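Quantities reported herein were computed from a predicted structural model and do not represent experimental measurements. Order of listing sets the numbers, starting from 1, for every ligand and every atom in it. One-based numbering along the sequence shown.
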Amino acid sequence: MIYEPLEDSILLEEQVKKLAKGTVLDMGTGSGIQAAAAARRKAVKKVLAVDVQKDVIEHCKKETKNKKINFRQSNLFQKVPKQKFDTIIFNPPYLPAEPKLKDITLEGGKKGYEITEKFLGRAKDYLKDDGIILLLISSLTNQHKVEEILTKNLFEFEILSKKHVFFEDLIVYKIQKNKIALKLGKKGVKNIEYFTHGHRGMLFTGKYKGKKVTAKSKLPKSMAEGRIANEAKWIKLLNKKGIGPRIIFSEWDFFVYYFVEGEFLQKFAEKSQKTKIANAVKDVLRQCREMDAMGIDKEEMHRPFKHIIMNKKPVLIDFERMHKSKKPKNVTQFIQYLISGRITHTLKKKGIMIDRKKAIRLARQYKKKEISFEKLAAKLF
Ligand SMILES: C[S@@+](CC[C@H](N)C(=O)[O-])C[C@H]1O[C@@H](n2cnc3c(N)ncnc32)[C@H](O)[C@@H]1O
């Protein structure tokens, strides 16, 4: 069944006409509309157009005269030669198929994005480092999910055009390889993988000189400039005092540190014995005190749920909010956490009793510099 060009084809074709370059792969070519648009461009040398349907390929071979284009039957990349393209185009079948697949030109799997997901999982091996993918999706495909898939496959993206047609929005993406991942590769980081992301930051894992590392960068679409460089600057300073994950190298838009193995403090406390927990808590207090003395505030030490990893010793992570302060609150906030969080019950269960009133009094005295940190630590429990 040949897919007659519709609004989606036209919307994608507009971008192909402007952006296709070098060697081009037209995935799921259908009528051959995208391949033809690409081939008409001077900047395009060659086009390989593939489709899973045999009759589509036979039809295109008969109808198309342009010598730049080669047609081949292939289920996604199965029969695509191992080579890297400058441009990859795909207008995938994207509708959810309920209850089962009826039309291969329209339906992309149960949820609609399965073919796109498979395509994106393989596409990076066929794309040059400076290559582009032009991909069309519909708002019926779960745009958020597609963007997650893109990020996880180490791509960055922008929306080139959007059109509302009947009951859906058609969206054309320009997709490129994540620039930070490329830079990391050039720096010698191997096996780079997506790890996780927050509102602003994005984490990768990889191997550097045989050791597991983490790299942190801003999310490609986040506008927050300068934060990464700022965090790297603080961690380097803290590393001198034995605090934080150990930074290996950094640039303005990313930094790389040794991966911190271990579990979060709460989980560690649930599993461990009294002395070990007490030592860990004291060590965190000591690190907080060090930061107080340096006149810097980590912020959020009163809810450090995901910010303390128990390795051989507790390692504080995530210094996104670190800033200079005349009245740093690291110690007092951590005490607040010890007496008011879920950890309080765990500590009690393990025989570590912290008297709430006494703790508050000690914290106040410490804050006013009436007692030393040593005295506070000795009296707390
Ligand atoms: C929505 S049509 C797009 C056709 C054309 N590129 C256009 O823009 O009008 C999707 C095309 O993808 C093809 N297709 C579906 N599953 C495929 C797969 N696994 N591998 C390659 N092509 C596939 C279909 O046969 C169909 O021709």
For atom 19 (N) of ligand 1, which of Val50, Asn75, Ile10, Val52 has the closest heavy atom?
Asn75
Do we get Lys61 above Phe71's six-membered ring, with its NZ or CZ under 6.0 Å from the centre and within 45° of the axis?
no
Counting both backbone and side chain atoms, is some N or O of Gln53 under 3.5 Å from an N or O of ligand 1?
yes
Polar contacts were defined as any N/O atom of the residue lying under 3.5 Å from an N/O atom of the ligand; does this apply to Ile115 and ligand 1?
no
With respect to Gln34, determine whether any N or O atom, backbone or side chain, lies less than 3.5 Å from an N or O atom of ligand 1.
yes
Any Ser74 heavy atom less than 4.0 Å from ligand 1
yes
For Thr29, which part has a heavy atom under 4.0 Å from ligand 1: side chain, backbone, both, or neither?
backbone
From the list Ile57, Val50, Leu25, side chain to side chain contact (heavy atoms under 4.5 Å, CB included) partner of Ser74 resolves to Val50
Could you label the plane-to-plane angle of the Phe90 and Phe119 rings as parallel, tilted or perpendicular, counting under 30° as parallel and over 60° as perpendicular?
tilted
Quick test of your reading of the model: are Lys218 and Asp253 salt-bridged, counting only N-O distances below 4.0 Å?
no
Counting neighbours of NZ on Lys21 that are heavy atoms of other residues, nucleotides or ligands and sit closer than 6.0 Å, is the number greater than 12?
yes
Kindly identify the option in Leu6, Asp51, Asn91 whose heavy atom sits closest to atom 25 (O) of ligand 1.
Asp51
Taking atom 15 (C) of ligand 1 as the reference point, the nearest protein heavy atom with its distance
Ile104 O, 3.4 Å
Which segment of Ile33 sits under 4.0 Å of ligand 1 when only heavy atoms are counted:
side chain
Does any N or O of ligand 1 fall below 3.5 Å from an N or O anywhere on Ser9, backbone included?
yes
Relative to Phe381, does Lys282 satisfy both conditions: NZ or CZ under 6.0 angstrom from the six-membered ring centre, and within 45 degrees of the ring's axis?
yes
Quick check on Leu12 - does any of its heavy atoms sit under 4.0 Å from an atom of ligand 1?
no
Hey, is Arg303 close enough to Glu300 for a salt bridge, meaning N to O under 4.0 Å?
yes
Of all protein heavy atoms, the one nearest atom 1 (C) of ligand 1 is Thr105 O, 3.1 Å
Atom 12 (O) of ligand 1: the protein heavy-atom neighbour that sits closest, reported with distance to 0.1 Å
Gly28 CA, 3.4 Å
Relative to Phe319, does Lys298 satisfy both conditions: NZ or CZ under 6.0 angstrom from the six-membered ring centre, and within 45 degrees of the ring's axis?
yes
Proximity flag Leu76 to ligand 1, non-hydrogen atoms under 4.0 Å:
yes
Give a yes/no verdict on a cation-pi contact between Lys187 and Phe249, requiring under 6.0 Å between NZ or CZ and the six-membered ring centre and an angle within 45° of the axis.
yes
